[in-house]
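Here the structure comes first, spelled out in C-alpha cells, and everything after it is commentary.
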Number of protein chains: 2
Amino acid sequence: MANIKDIAKKAGVSVTTVSRVLNNHPYVSEDKREAVLRVMEEFNYQRNINAVHLSKGETLLIGVVVPFTNHPYFGQLVEGIANEAMKNNYKLVLFQTNYEEDREIEALKMLQHKQIDSLIICSRICEWDVINQFTEYGPIVLCEDARNRNVSSTFIDHYMSFSNALEYLHNKGHQKIGYCIGRKTGANSRQRGKAYADFLKRIDEPYKEEFIFYECLHFEHGEEVVQRLSNMDNPPSALLVTNDFAAAGIVTSCRENGIHIPDDLAIMGFDNQPIAKIMHITTLEIPLVQMGRQLLLQAIDGKKHTHQEISVKLIERQTV
Amino acid sequence: MANIKDIAKKAGVSVTTVSRVLNNHPYVSEDKREAVLRVMEEFNYQRNINAVHLSKGETLLIGVVVPFTNHPYFGQLVEGIANEAMKNNYKLVLFQTNYEEDREIEALKMLQHKQIDSLIICSRICEWDVINQFTEYGPIVLCEDARNRNVSSTFIDHYMSFSNALEYLHNKGHQKIGYCIGRKTGANSRQRGKAYADFLKRIDEPYKEEFIFYECLHFEHGEEVVQRLSNMDNPPSALLVTNDFAAAGIVTSCRENGIHIPDDLAIMGFDNQPIAKIMHITTLEIPLVQMGRQLLLQAIDGKKHTHQEISVKLIERQTV
DNA sequence: CTGTTAGCGCATTCAC
DNA sequence: GTGAATGCGCTAACAG
C-alpha cells in the first residue's frame with residue numbers, strides 16, 4: 001500500500017506538503033494541493049492510522065468498562081455513550097469484565113499504554129487504590145459519586161433516591177419493606193444498603209437479612225424472588241427492585257402464583273425502562289442514555305475533573 | 001515516559017536486547033535479561049503499544065458491528081464474542097450503527113486503515129458491493145449465510161428453520177399464521193420472508209400483508225402487535241415471533257386483554273432467551289453465545305474463509 | 001548470544 | 001509557501 005513518501009515522489013513534492021494537504025494545513029499552493037490529491041486518488045492512498053497515533057500520541061479511542069454487555073442497564077448506558085462518541089468522532093473499545101478485576105486492570109493498562117485516550121468505568125470491582133495508580137495516564141470517568149477523587153464522574157445520589165423511595169412506600173402504609181439488588185458490594189449498592197439500614201432505624205423496624213435479595217439482574221430472576229417470598233412466614237409487603245426487568249419478572253411470577261399486586265405485594269422498580277411502562281410498574285426514572293452521553297463528554301474533555309449529579313424522578317403507576 | 005532506548009542505555013545493552021526480553025525472545029543471556037528487567041522496574045517502563053502496532057502492522061483489536069447494543073439478541077452475540085476475545089487476548093471495538101450505512105463504512109475503513117485486525121458484522125444494511133471493496137484489507141466475518149462470498153460466516157439456515165416452525169404450527173392445526181420480525185430487509189429477514197411466502201403457497205393460503213408485523217424488537221412492542229391484532233376482523237391464530245422478548249411482550253399483553261394463549265392465539269418465539277423459559281414460551285433455540293464465539297474465532301483465523309452453519313432446536317413449552 | 005541499523009508511516013520544527 | 005531532517009517507540013533483518 002502506498003505511503004506518504006510514494007505520494008510525495010510521484011507528485012513531485014515533499015512529504016511535508018503531502019502531510020499538509022492530508023491535514024488541511026493552509027500553507028500549500030492550490031496547484032500542488034491538487035497534484036497531491038490527484039496522485040492520492042490514482043494510488044488509492046489510505047493513511048496509516050497507527051502511524052498517526054504514534055506520531056500524535058492519541059488514538060480517538062475511548063475504553064468502556066462494563067461487567068456485562070447483555071444487560072438493559074448497561075445497554076442503555078452504552079447506547080448513550082456510543083451515540084455521543086459517534087457525534088464526536090470517537091470509537092469505543094468495549095471491556096466486558098464479568099466483574100473480574102483482571103479485566104478492569106487490562107482496561108486501565110490500555111490507558112497507560114496510550115492505546116485508548118481515556119476510560120469510562122460504568123461499574124467496577126477494583127478498589128480505589130488500583131484506579132489511583134492509573135489516573136496520571138489519562139482521563140478516567142466513573143459512573144458513581146467520586147467527588148473527592150482524582151477522576152471525573154456522573155452519578156445518581158443513590159442514598160437519597162433510595163431513601164425517598166423507601167419513604168414513599170412507607171407513606172403508602174408499608175412497614176415491612178425489602179429490596180432486590182444486583183450485588184452486595186459496589187459503591188452504589190453500598191449507598192443503597194446504608195439508606196436501607198438508616199431507614200429501618202428511623203421507622204424502628206428490625207433489619208432482616210432475608211428481606212434483601214441479591215443477584216437480581218434479569219427478568220428471570222424474578223421467579224426466584226417470588227419463590228423465596230412464598231416460603232416466608234412473614235414476608236415483606238413491599239419490594240424495591242433496582243432494575244425494571246427484574247421487577248417485571250417479579251410481577252409476572254406473582255401473577256402466576258396468585259399473589260396480587262399491589263395489594264399482597266407492592267413493587268417499585270428502577271430505571272423506567274420501556275418494560276416498566278407496559279407493565280404499569282411504578283418506578284424511579286434514571287436517565288441512563290443521558291448519563292452515558294455525559295460520561296463520554298467528560299471522557300473527551302478530561303483535562304479538568306468534573307462531577308455531574310443526575311436527578312431521578314418518581315413515576316407513579318400501578319404496582320404500589 | 002521512558003522508552004526502550006533509555007532502558008537500553010541505562011542497562012548498558014542495545015535496544016535489540018531490550019526488545020528481546022520484552023518479547024521473551026530466547027537469545028538473551030540470563031544476566032542481561034535480569035539487568036534489563038531491573039532497569040524497567042526502576043523506570044516503571046511501559047511499552048508504547050502504538051509503536052508496536054505500527055511496527056508489526058497489527059493491533060489485536062477486532063471490530064464488531066451491531067445495529068443496537070441494547071438488544072438481547074445482539075447482547076448475547078456480543079457476550080459470546082467478548083468472552084472468546086478475552087481468551088485470545090483480543091479487544092473489541094464496538095460500532096453501534098443504528099443501521100446507518102455511514103457507520104458501517106466507518107468500521108470498514110478502520111479495517112482498511114489497519115486500526116483493527118478484522119471485522120465482525122453482526123447485521124448490516126450496506127450492500128455486498130460495499131463490503132467487497134474492503135475484503136482485501138483484512139478478514140471480514142458475517143453473521144449470515146455468505147457462502148459464495150469472499151468472507152467468512154457463521155449462520156443459521158433461516159429459510160429452513162422458519163419453514164420448519166411454520167410447518168410445526170400448521171401441524172398443530174393452524175392455518176392462519178402471521179409473523180413478527182425486526183425489519184423488512186436484511187439477509188435473514190428476506191430468507192424468512194421467502195420461507196413464509198413459500199409456505200403459504202404450499203398450504204394454499206393467500207398472502208396477507210397485515211399478518212406481518214415489523215419493528216418487533218423489544219418487549220414493549222408486543223403491546224402494539226396485540227393492539228393491531230384486536231382490531232382485525234380475521235386475525236391470525238398463530239404468530240411466529242422472531243425474538244423472545246417481543247414474544248413475551250405479546251403474551252403479557254394478551255393476558256391483559258383477555259386473549260387466551262394458546263387457544264385464542266399461539267405464540268412461538270425465537271432464540272430461547274431466559275425469559276422464554278420463565279414465561280413458558282415455545283421457542284426455537286438459537287445458540288447466540290456460541291455463535292459469537294465462533295464469529296470471533298473466524299475473525300482471528302482469517303487467512304482462509306470458512307463457513308459454519310449452526311443448527312437450531314425446537315423447545316416445546318406452553319404457548320403453542 | 002549481541003548490537004547496528006534500517007525501517008514502520010506520519011507529524012512537525014526550522015531554515016530557506 | 002516549501003522541503004529536509006528529525007522524532008515518535010518499537011521490531012527485525014543482518015552481521016558479527
Side-chain angles (χ1 to χ4, degrees), chain A residues 1-40 43-61 109-117 137-138, chain B residues 1-40 43-61 109-117 137-138:
Chain A
M1 229 159 44
N3 63 23
I4 199 175
K5 201 153 58 182
D6 302 333
I7 304 294
K9 194 186 298 172
K10 181 77 177 184
V13 300
S14 75
V15 291
T16 312
T17 302
V18 177
S19 176
R20 290 216 175 93
V21 347
L22 232 31
N23 295 289
N24 293 315
H25 192 89
Y27 288 177
V28 54
S29 65
E30 204 41 52
D31 47 341
K32 296 215 173 188
R33 155 169 279 115
E34 276 172 17
V36 169
L37 254 22
R38 205 170 316 117
V39 177
M40 283 182 175
F43 280 32
N44 184 26
Y45 170 76
Q46 297 300 333
R47 103 164 107 184
N48 181 319
I49 304 277
N50 287 312
V52 178
H53 293 164
L54 174 58
S55 201
K56 307 235 291 195
E58 64 167 29
T59 62
L60 295 182
L61 247 34
K109 284 203 168 158
M110 278 185 67
L111 183 65
Q112 179 178 35
H113 293 166
K114 306 271 174 227
Q115 199 174 6
I116 52 182
D117 290 348
Y137 301 119
Chain B
M1 225 157 48
N3 63 26
I4 198 174
K5 203 155 53 180
D6 301 333
I7 304 295
K9 194 187 299 173
K10 179 77 177 185
V13 301
S14 73
V15 291
T16 310
T17 303
V18 178
S19 175
R20 289 217 176 92
V21 347
L22 233 30
N23 297 287
N24 292 316
H25 192 89
Y27 288 176
V28 177
S29 65
E30 203 43 49
D31 47 342
K32 296 216 172 190
R33 155 169 280 114
E34 275 172 17
V36 168
L37 254 22
R38 207 171 315 118
V39 177
M40 284 182 175
F43 281 31
N44 185 25
Y45 170 76
Q46 297 299 333
R47 100 164 111 185
N48 181 320
I49 303 276
N50 288 310
V52 177
H53 294 163
L54 174 59
S55 197
K56 308 234 292 194
E58 64 166 31
T59 62
L60 296 181
L61 246 34
K109 284 202 168 156
M110 278 185 67
L111 183 66
Q112 180 178 33
H113 293 164
K114 305 270 175 228
Q115 200 176 4
I116 53 180
D117 291 348
Y137 301 117

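What you are looking at is a predicted structure, and each value in this text was computed from that prediction instead of being measured. Numbered from 1 within each chain, the chains take letters A, B, ... in sequence-line order.
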Sugar-phosphate only, base, or nothing, as touched by A:Asn23 at under 4.0 Å among non-hydrogen atoms: sugar-phosphate
For atom CZ of A:Arg33 and atom C1' of D:dG1, their distance in whole Å: 12 Å
Quiz item: B:Ser19 side-chain donor-acceptor pair to D:dA12 base, under 3.5 Å: no
Distance in angstrom units between A:Lys56 NZ and D:dG7 C1', rounded: 16 Å
side-chain N/O B:Lys32 vs C:dG3 OP1/OP2, d < 4.0 Å: yes
Side-chain N or O of B:Arg47 closer than 4.0 Å to phosphate OP1/OP2 of D:dT11: yes
Worked verdict on B:His113 versus A:Val52 for side chain to side chain contact (heavy atoms under 4.5 Å, CB included): CA-CA 11 Å; B:His113 293 164; A:Val52 178; over 6 Å; no
Phosphate contact (C:dG3 OP1 or OP2) by B:Ser14 side-chain N/O below 4.0 Å: yes
Touch class at under 4.0 angstrom, heavy-atom based, for B:Val13 against every strand present: sugar-phosphate
Nearest-angstrom distance from the residue atom CG of B:Asn48 to P of D:dT11: 10 Å
Among C:dC8, D:dT2, C:dG3, the nucleotide that comes nearest once only the side chain of A:Tyr27 is considered: D:dT2
Out of C:dT13, C:dT4, D:dC10, whichever nucleotide has its closest atom nearest the side chain of A:Thr16: C:dT13
base_contact_polar (D:dT2 base, A:Ser29 side chain, donor-acceptor, <3.5 Å): no
Side-chain donor/acceptor of B:Arg20 to base of C:dG3, under 3.5 Å: yes
Nearest to side-chain heavy atoms of A:Asn3, which nucleotide of C:dT4, C:dG9, C:dA11: C:dG9
Criterion side chain to side chain contact (heavy atoms under 4.5 Å, CB included) on A:Leu22 and A:Met40, from CA distance to verdict: CA-CA 10 Å; A:Leu22 232 31; A:Met40 283 182 175; 3.2 Å; yes
Of the listed nucleotides C:dC10, D:dC10, C:dT5, the one nearest the side chain of A:Tyr45: C:dC10
Length of the CG-P vector between B:Leu54 and C:dC10, whole Å: 9 Å
Test side chain to side chain contact (heavy atoms under 4.5 Å, CB included) applied to B:Leu61 and A:Gln115, step by step: CA-CA 10 Å; B:Leu61 246 34; A:Gln115 199 174 6; 3.9 Å; yes
Whole-Å distance separating the NZ atom of B:Lys5 from the P atom of C:dT4: 12 Å
Length of the line joining B:His113:NE2 and C:dC10:C1', which is rounded to integer Å: 13 Å
Separation of atom CG in A:Asn50 from atom C1' in D:dC10, rounded to whole Å: 13 Å
B:Ser55 (side chain) and D:dA12 (base): donor-acceptor pair under 3.5 Å: no
Minimum-distance nucleotide to A:Val28 side chain [options: C:dG9, D:dT2, C:dT4]: D:dT2
Rounded interatomic separation in angstrom, taking CG from B:Asn24 and C1' from D:dA12: 16 Å
B:Asn50 vs A:Lys56 side-chain heavy atoms within contact, under 4.5 Å: no
Side-chain donor/acceptor of A:Thr17 to base of D:dG1, under 3.5 Å: no
pair A:Asn48-B:Leu54: side-chain heavy atoms closer than 4.5 Å: yes
Close side-chain approach of A:Val36 and A:Val39, heavy atoms under 4.5 Å: no
